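Data first, discussion second: the structure below is written as structure tokens.
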There are 2 protein chains.
Amino acid sequence: MSTVRGARERARIEVTAAIKDEARRMLAAEGAAKLSLRAVARELGMVSSALYRYFPSRDELLTALIVDAYDSVGAAAEQADARAHAGGAAPRERWTAVCEAVRAWALDHPHEYALIYGSPVPGYSAPADTIAPASRVGNTLIGIVRAAHAGRGLALPPLPAALRPEAVRMTADFAEGLPPEVTAALVAAWAQLVGLISFELFGQFNRVVEDRAAFFAHAADQLAHAVGLPAV
Amino acid sequence: MSTVRGARERARIEVTAAIKDEARRMLAAEGAAKLSLRAVARELGMVSSALYRYFPSRDELLTALIVDAYDSVGAAAEQADARAHAGGAAPRERWTAVCEAVRAWALDHPHEYALIYGSPVPGYSAPADTIAPASRVGNTLIGIVRAAHAGRGLALPPLPAALRPEAVRMTADFAEGLPPEVTAALVAAWAQLVGLISFELFGQFNRVVEDRAAFFAHAADQLAHAVGLPAV
DNA sequence: TCCAAAACAAGAGCACTGCTCTCTGGATGG
DNA sequence: CCATCCAGAGAGCAGTGCTCTTGTTTTGGA
């Protein structure tokens, strides 16, 4: 597998990593719009054309950063859940812990957040290798709700007939075992959570919400309620 | 006021409008990233430097388009509400009508939507002249909830102590007369609504939600419930 | 009516971008 | 040992936002 073939391979993965690191630095500093291949190359002491041996285009570099960002926020969410779980937290507390972790990650990495949850940059690109990392946070939330359901069951109002087949399909696809109402509520809650964070991060709460932490905490708790997690 | 001073003034506002129109066309066709001053000038048969007499920079042009986009979606929301209101709809129906109108506008104007609710393009810019147009949709939703409150009153669970002062302040600032719990729920619901639309538009629902219309309809209805609007 | 001032358009140019091509020197592996 | 491959260099193309200078036209006051 990862047998170190030779100096050449080693150098290649090293340079690739250096490029990504530098690019991530620039992304964090200035945002995706200001990230330029030439600047990255300049900073690394190479010429811009040499960089194309490692990434076929600027968009490919961005895609690599996108995957990393998904993994980063996914890891943050999973760790927060694991910590809460280990501390014997109830499902509702685990839920809010994950929500807070995602928000904290977003505030810490605003440009990376914008890259993955803001407007898609190049027309739009969702290569196959992004879909697994992209679902880590969602899967974490599913895990929490599933645990709660296994614990004492979740009761939500019944779905409208028009949505029922879709909710059943979604459940079969990625939330096996959950009541369809819960699956639908969960997916909506996940989108809504990102909406809350985006509004805060993208300036939509300017002159509207001042105490963002308190506001978010309450909204996240209400979201937990909306997916049927019992209050502690 | 708008007394036509002379041929010069007239020409100026005409050219300004032509520039914005062409820019909007390009925005709709290719997205904000591909909108270039030079291309606009080329299409209009002028040289790029001449364009700087009308807009001091590319960002200023984009800001003008942002304001227009806010006005466009705001008008769509207001019209949908007016239609529902005229048809004798209950508050909850007015609410979902506005939600559907915003979603429909977004699907019709994806790049303009991305411009206003996606990641802010230049670092970030929220000039003073954008804040009024930006609040039209929000104000429409406030109006609906206010009417419902005046009608029979809205009852929501009490706020956590940590959020109460903030909710009271928000109420005094832009939602006079509403119970603070409702104000807080309303602001959250607005952000969450945009989160739902963004997920759909930005591809986050790919391989997750298929029947987006049914899904959204249910989510919007649940949002109405979350702000305390009684079911019809 | 005439003329200075202001507004406008055009062109050249700067510094930057992504990306392609060709060429060279050195490591790789048969 | 030597042919092969490949990383890097350099030049160059087409495009970008923006500035500065140079003519030209319109305007409003004396």
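None of these values were measured; they are calculated from a predicted model. Just so we're on the same page: letters track the sequence lines, and every chain starts at 1.
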From [atom1] of [X] over to [atom2] of [N], roughly how many Å is that when rounded to an integer?
X      : N       : atom1 : atom2 : result
D59(A) : dG18(C) : CG    : P     : 10 Å
I13(A) : dC6(D)  : CD1   : P     : 17 Å
M26(B) : dG17(D) : CE    : C1'   : 15 Å
K34(A) : dT16(D) : NZ    : P     : 18 Å
L51(A) : dG18(C) : CG    : P     : 10 Å
E9(A)  : dA27(C) : CD    : P     : 16 Å
F55(B) : dG17(D) : CZ    : P     : 14 Å
E30(B) : dT16(D) : CD    : P     : 12 Å

Run the side-chain donor-acceptor check on residues 137-146 of chain A: report pairs under 3.5 Å with partners two or more places apart or on a different chain.
residue, atom, partner, partner atom, Å
N139(A), ND2, S135(A), O, 3.2
T140(A), OG1, R136(A), O, 2.8
R146(A), NH1, E176(A), O, 2.3

State which residues pass salt bridge (charged side-chain N to carboxylate O under 4.0 Å, His left out) with [X]; sequence neighbours excluded, sorted by chain then number.
X       : result
D108(A) : none
E200(A) : R103(A)
D81(B)  : R94(B)

Taking side chain to side chain donor-acceptor pair (under 3.5 Å) as the definition, give me every residue that meets it alongside Y113(B), ordered by chain and number, with sequence neighbours left out.
S198(B)
Would you name the heavy atoms of A220(B) and W95(B) that are closest together and state the gap between them?
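Result for this residue pair: O-NE1, 3.2 Å.
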Tell me whether the rings of Y117(A) and F199(B) are parallel (<30°), tilted (30 to 60°) or perpendicular (>60°).
parallel
For nucleotides 13-17 of chain C, which of its nitrogen or oxygen atoms have a protein nitrogen or oxygen under 3.5 Å away, and what is each distance?
residue, atom, partner, partner atom, Å
dG13(C), O6, R38(B), NH2, 3.4
dT17(C), OP1, S36(A), OG, 2.9
dT17(C), OP2, R42(A), NH2, 2.6

Tell me whether the side-chain N or O atoms of S49(A) pair up with the base of dG10(D) as donor and acceptor below 3.5 Å, since no angle test is needed here.
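Indeed, a donor on one side and an acceptor on the other fall under 3.5 Å apart.
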Check nucleotides 7-9 of chain C against the protein and report each pair of N or O atoms closer than 3.5 Å, with its distance, or say if there are none.
residue, atom, partner, partner atom, Å
dA7(C), N3, R8(B), NH2, 3.4
dC8(C), OP1, R12(B), NE, 3.0
dC8(C), OP2, R12(B), NE, 3.4
dC8(C), OP2, R12(B), NH2, 3.1
dA9(C), OP1, Y54(B), OH, 3.4
dA9(C), OP2, Y54(B), OH, 2.9
dA9(C), N7, R53(B), NE, 3.2
dA9(C), N6, R53(B), NH2, 3.0

Hey, could you give me each pair passing side-chain hydrogen bond (donor to acceptor under 3.5 Å, both in side chains) that has a residue in residues 32-52 of chain A? Not counting sequence neighbours.
none
For E166(B), side chain to side chain contact (heavy atoms under 4.5 Å, CB included) partners two or more places apart:
V209(A), E210(A), D211(A), L163(B), R169(B), M170(B)
